[in-house]
Amino acid sequence: EIGWCDWSSDVCSSDLHMMEFALTAGCKVNLYLDIVGIRPDGYHEIESLFYPLPAPCDTLLVREGESGFSLSCSDPSLATDANIVSRAYRLFAETTGFAPDVFVHIQKGIPMGAGLGGGSSDAAAFLLWLNGRAGEKALTAGELAEAALSLGADVPFFLVNQPAWITGIGERIEPILCDLGDTLVLLICPPLRVDTGWAYGRWDEAHVGGPRSRKKLTPHPPLTRKFCFTNPSALWNAFENVVFQEFPLLRDIKSDVMRRGAKGCVMSGTGSTLVALFDAPEDALSCARRLHAAGCGCHAVKSGREFSLES
């Protein structure tokens, strides 16, 4: 069985001419996210605490021996040349000259437009698989990270896939010791999508002139990090104000969850997923039942493993 943070794959077929592999691509949440600068090219600089989780996840079924590259997906609208997995294949082939005949099917489990990095995780899992099969044409870790960044700001994180402090536009990754321990992490996925480009645009409109101080407690990065690692974790997301204005349902859910026993709750990425931390699993189960009845998807992780919400 593959571990959620292990890019290596199960071999599903013993036929050497048609080998099939199953790659598991987990998700990430942002326990802390702030915009601290805007570059001349328009890219936003961030400070963020990325935390990987095993659920929800996507599964990539990779079959060798096909002609060229082809892609399918459980959501047919995603099976295009513009899909980040298709782009990862082309980029790797152009960079290394290694272009295997391969068919990839993506079984989506990570919601889209949810702030969980599903596409980026898929791309990283596939890049790592390609690099592992490329032999002498394989890229170094640094070269692979550079290629990953050209696909998307979050992709390099999933190559590392451990808790990390992220700065720059996402390319500076500092793995850290950060363990939520026995805290139950409840992911709440409302039935709506938030477009990342729209969220950044709205943030820009609300902050003409660029970022400004929002907490006297965090005037510079060292104190920001200290603030992040308090117990209970101090959760923060700079996008909440603008996203909640457009999607008040998210604010209502967060308020309800906090009233029902969560010790913290924050939006992940640009939304729409909310991350709630609970000490008492029974409180999380009660919340999950209410939210599921209201049309929200829910996933839970405890002690690094998926936690069943069935009771």
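Bear in mind the structure is a predicted one, so any value in this text is a computation, not a measurement.
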Colleague: In the structure I gave you, are the side-chain heavy atoms of Tyr51 and Asp179 within less than 4.5 Å of one another anywhere?
Modeller: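 Side-chain contact under 4.5 Å: yes.
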
Colleague: Please tell me whether Ile166 and Ile35 are part of a single hydrophobic cluster in this structure, the criterion being side-chain heavy atoms less than 4.5 Å apart.
Modeller: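 Shared cluster, yes.
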
Colleague: Step by step, work out the side-chain contact (heavy atoms from CB on, under 4.5 Å) result for Val266 and Glu240.
Modeller: CA-CA 8 Å; Val266 70; Glu240 284 191 1; 3.4 Å; yes

Colleague: Looking at every non-hydrogen atom in both residues, tell me the closest pair between Ala82 and Arg87 and how far apart they are.
Modeller: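 That closest heavy-atom pairing would be O-NE, 3.3 Å.
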
Colleague: Do Ile84 and Val155 have side chains that approach each other closer than 4.5 Å (heavy atoms only, starting at C-beta)?
Modeller: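 Yes. Closest side-chain heavy atoms under 4.5 Å.
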
Colleague: Look at atom CD of Glu146 and say whether more than 12 heavy atoms of other residues, nucleotides or ligands are closer to it than 6.0 Å.
Modeller: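 No, not enclosed.
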
Colleague: Apply side chain to side chain contact (heavy atoms under 4.5 Å, CB included) to Ala294 and list each qualifying residue two or more places apart in sequence or on a separate chain.
Modeller: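 Per chain and number, Ala294 pairs via side chain to side chain contact (heavy atoms under 4.5 Å, CB included) with no residue.
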
Colleague: Determine the minimum heavy-atom distance between Phe244 and Met267, stating which atoms define it.
Modeller: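 Taking Phe244 first and Met267 second, the nearest heavy atoms are CE1-SD, 4.0 Å.
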
Colleague: My understanding is that only residues two or more places apart in sequence, or in another chain, count here; which of them pass side chain to side chain donor-acceptor pair (under 3.5 Å) with Thr80?
Modeller: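 Thr80 satisfies side chain to side chain donor-acceptor pair (under 3.5 Å) with no residue once adjacent residues are dropped.
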
Colleague: Would you find a donor on one side and an acceptor on the other, under 3.5 Å apart, between the side chain of Ser72 and the backbone of His105?
Modeller: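 Side chain of Ser72 to backbone of His105: no pair is present.
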
Colleague: Ring-plane angle category for Phe69 and Tyr89, please: parallel below 30°, perpendicular beyond 60°, tilted otherwise.
Modeller: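 Ring orientation, 0 to 90° scale: parallel.
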
Colleague: A side-chain contact here means heavy atoms from C-beta on lying under 4.5 Å apart; do Val301 and Leu184 qualify?
Modeller: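 No, side chains not in contact.
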
Colleague: With heavy-atom distances below 4.5 Å as the criterion, would you say the side chains of Leu78 and Ile106 are in contact?
Modeller: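 In short, these two side chains do not touch, never coming nearer than 4.5 Å.
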
Colleague: Using 30° and 60° as the class boundaries, would you call the ring planes of Phe50 and Phe157 parallel, tilted or perpendicular?
Modeller: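 Perpendicular.
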
Colleague: Nearest 0.5 Å please: distance from the CD atom of Glu45 over to the CD atom of Glu171.
Modeller: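 Answer rounded to 0.5 Å: 7.5 Å.
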
Colleague: Once side chain to side chain contact (heavy atoms under 4.5 Å, CB included) is applied, do any residues pair with Asp81, and if so which ones, sequence neighbours excluded?
Modeller: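 Asp81 satisfies side chain to side chain contact (heavy atoms under 4.5 Å, CB included) with Arg90 once adjacent residues are dropped.
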
Colleague: Do Ile169 and Tyr200 sit in the same hydrophobic cluster, where Ile, Leu, Val, Met, Phe, Trp and Tyr count as joined when their side-chain heavy atoms come under 4.5 Å apart?
Modeller: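 Hydrophobic grouping puts Ile169 apart from Tyr200.
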
Colleague: For residues 101-126, pull every pair meeting salt bridge (charged side-chain N to carboxylate O under 4.0 Å, His left out), keeping only residues two or more places apart or in separate chains.
Modeller: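 For residues 101-126, and leaving out neighbouring residues, the salt bridge (charged side-chain N to carboxylate O under 4.0 Å, His left out) pairs sorted by first residue read Asp58-Lys108, Lys108-Asp122.
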
Colleague: Does the plane of the ring in Tyr32 sit parallel, tilted or perpendicular to the ring in Trp165? Use 30° and 60° as the thresholds.
Modeller: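 Tyr32 and Trp165: tilted rings.
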
Colleague: What's the spacing between Asn241 CG and His207 NE2 if we round to 0.5 Å?
Modeller: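 Reported to 0.5 Å precision, the distance equals 7.0 Å.
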
Colleague: Which atoms form the tightest heavy-atom contact between Leu60 and Ala25, and what is the distance?
Modeller: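 Closest approach of Leu60 to Ala25: CD1-CB, 4.4 Å.
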
Colleague: Are Leu128 and Leu23 side-chain neighbours, meaning at least one heavy-atom pair lies under 4.5 Å?
Modeller: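 Result no, sub-4.5 Å side-chain heavy-atom pair not found.
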
Colleague: Sort and list the pairs that fulfil side-chain hydrogen bond (donor to acceptor under 3.5 Å, both in side chains) and have at least one residue in residues 294-304, not counting sequence neighbours.
Modeller: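 For residues 294-304, and leaving out neighbouring residues, the side-chain hydrogen bond (donor to acceptor under 3.5 Å, both in side chains) pairs sorted by first residue read Asp182-Ser303.
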
Colleague: Looking at every non-hydrogen atom in both residues, tell me the closest pair between Leu249 and Pro190 and how far apart they are.
Modeller: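 Heavy-atom minimum between the residues: CD2-CB, 4.5 Å.
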
Colleague: Hydrophobic clustering (ILVMFWY, side-chain heavy atoms < 4.5 Å, transitive) - are Leu149 and Leu139 grouped together?
Modeller: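 Leu139 does not cluster with Leu149.
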
Colleague: Looking at Ser121 and Gly118, would you say the former's side chain and the latter's main chain have a donor-acceptor pair under 3.5 Å?
Modeller: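 Not confirmed, Ser121 side chain does not pair with Gly118 backbone.
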
Colleague: Measure the shortest side-chain to side-chain distance between Cys27 and Leu187 over non-hydrogen atoms and say whether it is less than 4.5 angstrom.
Modeller: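 When only atoms from C-beta onward are counted, Leu187 and Cys27 do touch, with a gap below 4.5 Å.
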
Colleague: Could you tell me the separation between the CG atom of Leu309 and the CZ atom of Arg289, rounded to the nearest 0.5 Å?
Modeller: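 If I round to the nearest 0.5 Å, the distance is 9.5 Å.
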
Colleague: Enter the distance from Ile188:CD1 to Leu291:CG here, rounded to the nearest 0.5 Å.
Modeller: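 It is 5.0 Å, given to the nearest 0.5 Å.
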
Colleague: So, for Leu192 and Ser272, which heavy atoms are closest and what is the spacing to 0.1 Å?
Modeller: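 Minimum heavy-atom separation between Leu192 and Ser272: O-OG, 2.8 Å.
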
Colleague: Would you say Leu186 and Phe307 are hydrophobically clustered, going by side-chain heavy atoms of ILVMFWY under 4.5 Å?
Modeller: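 Result: yes, single cluster for both.
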
Colleague: Give the cluster check for Leu180 versus Leu116: same hydrophobic cluster or not, with ILVMFWY residues linked at side-chain heavy-atom distances below 4.5 Å.
Modeller: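 Per the 4.5 Å side-chain linkage, Leu180 and Leu116 are co-clustered.
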
Colleague: I need the Glu64 CD to Arg133 CZ distance, nearest 0.5 Å.
Modeller: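 Atom-to-atom, Glu64:CD and Arg133:CZ are 4.0 Å apart.
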
Colleague: For residues 274-286, tabulate all N or O donor-acceptor pairs below 3.5 Å that involve a side-chain atom, not counting sequence neighbours.
Modeller:
from: Asp279; atom 1: OD1; to: Lys263; atom 2: NZ; distance (Å): 3.1

Colleague: Is any side-chain heavy atom of Pro163 closer than 4.5 Å to one of Pro52?
Modeller: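 With C-beta onward as the side chain, the pair touches.
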
Colleague: Taking side chain as C-beta onward, heavy atoms only, is Asn83 less than 4.5 Å from Cys73?
Modeller: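 The answer is no; the side chains never approach within 4.5 Å.
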
Colleague: For Asn30 and Ser48, which heavy atoms make the closest approach, and how far apart are they?
Modeller: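 Here Asn30 and Ser48 meet closest at ND2-OG, 2.9 Å.
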
